[in-house]
Each structure stands twice: as structure tokens, then as C-alpha cells.
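This report concerns only the one structure given below.
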Amino acid sequence: MGITKVIAEGKGKRIYATDNPDEAVVYFKDEAIAFRGLKIGRIIGKGEINNLLCEYIFTLLQQKGIPNHFLHRINDRSMLVLRVDIIPVVIKVRNIVAGSLAQRIGYPEGARLKNTVIEYCLKDKTIDDPLVNQTHITAMGIATAQELRAMEEISLKVNSILTDILSDINIELIDFKLEFGRFHGDVLLSDEISPDTCRFWDASTHEPLDIDRFRRDLGDVEGAYREVLHSMTGYVLKNSEDNTDEIR
Ligand code: C5P
């Protein structure tokens with residue numbers, strides 16, 4: 001497998017094409033970006049932790065019958081995935097009020113919702129990833145009603161599986177975002193599932209164990225990421241060096 005060129009770069013990852021048109025390499029960076037690029041920093045070891053967490057979570061989801069893009073972990077910061085055509089819609093799944101929902105509906109953070117909330121946002125930074133509904137998405141031809149049904153069904157299953165395994169380790173799943181892609185006619189769960197894309201709270205103290213520690217300057221961001229990795233997988237990360245975020 002040879003890497004050819006960079007095909008996408010986001011907040012926490014860089015995606016490379018390979019000489020196999022059906023496969024891509026995801027490289028996880030330590031760089032952290034918040035508030036639409038206004039806050040940029042580094043979380044030492046984040047790339048390694050998110051890579052290990054994605055391996056663990058995507059493998060678990062495959063075992064539970066949820067198709068996704070993960071093939072295998074290549075090294076400490078990279079994984080091999082199926083090269084999907086990303087559907088430019090982000091799905092946010094919410095169990096407890098936090099973040100942008102708290103602002104939008106005027107509820108306090110931490111309020112429990114009577115049912116799971118599913119939100120759709122266009123994946124378009126130039127217009128700040130606006131919240132849209134399913135009829136906008138089908139009207140714009142971004143995804144079909146059938147694809148949206150598949151995405152919603154998978155999102156709810158992921159929520160149920162993750163909520164269960166996290167509650168066993170005293171972590172509350174507040175909310176998360178998912179992305180999907182098309183691969184030879186199928187809709188596959190793609191992107192990443194990590195403390196960069198989920199809100200994880202310590203169930204006893206309600207302290208965030210995720211990227212909100214960076215967004216809100218709560219301190220010990222590395223410690224929180226390591227704690228999530230260790231509680232979920234049993235893996236203890238050796239001291240990680242500051243990384244250049246270049247693929248090796
Ligand atoms: O900010 P908001 O409350 O809408 O975020 C909901 C969930 O989606 C959070 O877990 C957040 O970390 C995640 N998210 C993300 N990438 C974005 C926006 C939100 O991973 N660009």
C-alpha cells in the first residue's frame with residue numbers, strides 16, 4: 001500500500017489517497033482547532049489516542065453488525081479505511097443538553113432530554129455548517145430519503161452501543177457527531193469517533209473528558225484523553241512526544 005496524495009484535511013486528521021483506489025489512510029494529528037479556527041493548540045498524544053480509540057470503537061461496531069469504513073490500524077497514528085465518497089451532512093446525536101443545543105433552546109447544560117435528539121447539519125465551513133432538516137437535504141440532492149433513513153438508523157444503534165459500554169466505565173455519553181460515506185452503493189459509517197467528536201462526561205463529577213476541556217480551557221486535556229483510552233480499552237499510552245503531525 002503506497003500513499004499518493006493528501007485528499008482532505010480537517011481539524012484532527014489528514015486523509016491520504018493510496019495506490020488502491022478503494023482504500024485511504026487516515027492520519028491523526030495532535031493539532032486541536034476550535035471556534036472555527038480562532039483557537040489552535042496541540043494536545044500531546046491526541047493523534048495516537050484517537051487512532052487507538054477509533055480502532056477499538058469501529059471494530060466493536062463491526063462486531064455488532066454496523067458497517068463502517070475501518071479496515072485496520074497501520075501504526076501509532078494511522079489507520080487504513082475504505083475510500084468512501086463522503087456525504088456532506090453531519091449527524092449530531094444528543095442525549096443530554098450541551099453545546100450549541102443549550103444555546104439554541106435556552107436549556108441548561110446537563111438537562112436530560114426526554115428522547116434522543118437527531119440533528120442534521122450541512123458540512124460546509126463557508127456557511128458555518130448550518131442546521132438543516134431532512135427535506136432540505138433531499139431537496140438539495142445531497143442524500144436520498146433512503147440514505148437518510150439508513151444514516152439515522154445507524155446513528156441510533158451507535159448511540160445505544162456506545163451509551164452502554166461507556167456507562168459500564170462510569171462515562172456518560174452526552175452527544176456526538178457522525179459522518180457517512182458512499183462506497184459501491186452502500187452507506188458506510190465513516191470519519192472518526194473519539195473525544196474530538198463526542199462529549200464524554202465523568203458520570204460522577206460531570207467533568208468533561210473530551211475536546212471541551214480544550215475549547216473551555218479546563219486544563220489537563222491530555223489526562224482526560226488518556227483516561228478515556230484507558231477506561232475503554234485498558235491501554236496505557238506510553239509518554240508521547242510532541243509530534244510534527246507529519247506522516248511517517
Ligand atoms: O457544538 P455542538 O453542541 O453542536 O456539538 C455537538 C457534538 O458534535 C459535540 O460532541 C461536538 O464535539 C461534535 N462536533 C464535532 N465537530 C463539529 C461540530 C460538533 O465533532 N464541527
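In listed order, ligands and their atoms are each counted from 1.
- Residue Gly99 approaches ligand 1 through these ligand atoms, each under 4.0 Å from one of its heavy atoms: 3 (O).
- Ion pairing of Arg213 with Glu207 is present here, as a side-chain N (NZ or NE/NH1/NH2) and a carboxylate O approach within less than 4.0 Å.
- At a heavy-atom distance under 4.0 Å, no atom of Val90 approaches ligand 1.
- Scanning the protein heavy atoms around atom 19 (C) of ligand 1, the nearest turns out to be Lys92 CE, 3.8 Å.
- The distance from ligand 1 to the heavy atoms of Asp196 drops below 4.0 Å at these ligand atoms: 12 (O), 20 (O).
- With respect to Glu23 and Arg83, no salt bridge is recorded, no charged nitrogen being found less than 4.0 Å from a carboxylate O.
- Numbered from 1 in the order shown, with element, the atoms of ligand 1 that lie under 4.0 Å from a heavy atom of Cys198 read 10 (O).
- Under 4.0 Å from ligand 1, the heavy atoms of Arg94 that appear belong solely to its side chain.
- Counting only heavy atoms of the protein, atom 21 (N) of ligand 1 lies nearest to Lys11 NZ, 3.7 Å.
- In this structure, atom 20 (O) of ligand 1 lies nearest to the protein heavy atom Lys177 CG, 3.0 Å.
- Ligand 1 has a nitrogen or oxygen under 3.5 angstrom from a nitrogen or oxygen of Asp175.
- Between the side chains of Asp196 and Ser194, no donor-acceptor pair is found at a separation under 3.5 Å.
- Under the 4.0 Å criterion applied to side-chain N and carboxylate O atoms, Arg199 and Glu172 are not assigned as salt-bridge partners.
- Between the side chain of Asn68 and the backbone N or O of Leu188, no donor-acceptor pair lies under 3.5 Å.
- Atom 5 (O) of ligand 1 has its closest protein heavy atom at Arg199 NH1, 3.6 Å.
- The protein non-hydrogen atom at the shortest distance from atom 12 (O) of ligand 1 is Arg215 NH2, 3.1 Å.
- Taking the ring axis of Phe214 as reference, the NZ or CZ atom of Lys39 stays within 45° of it and closer than 6.0 Å to the ring centre.
- With Asn51 contributing its side chain and Asp76 its backbone, the two residues share a donor-acceptor pair below 3.5 Å.
- Note: no N/O pair closer than 3.5 Å links Lys125 and ligand 1 by distance alone.
- With respect to Glu31 and Lys13, no salt bridge is recorded, no charged nitrogen being found less than 4.0 Å from a carboxylate O.
- For Phe58 and His69, the ring centers are positioned less than 6.0 Å apart.
- Contacts with ligand 1 closer than 4.0 Å are made by no heavy atom of Glu179, backbone or side chain.
- Remark: minimum distance from atom 2 (P) of ligand 1 to any protein heavy atom is reached at Ser100 OG, 3.3 Å.
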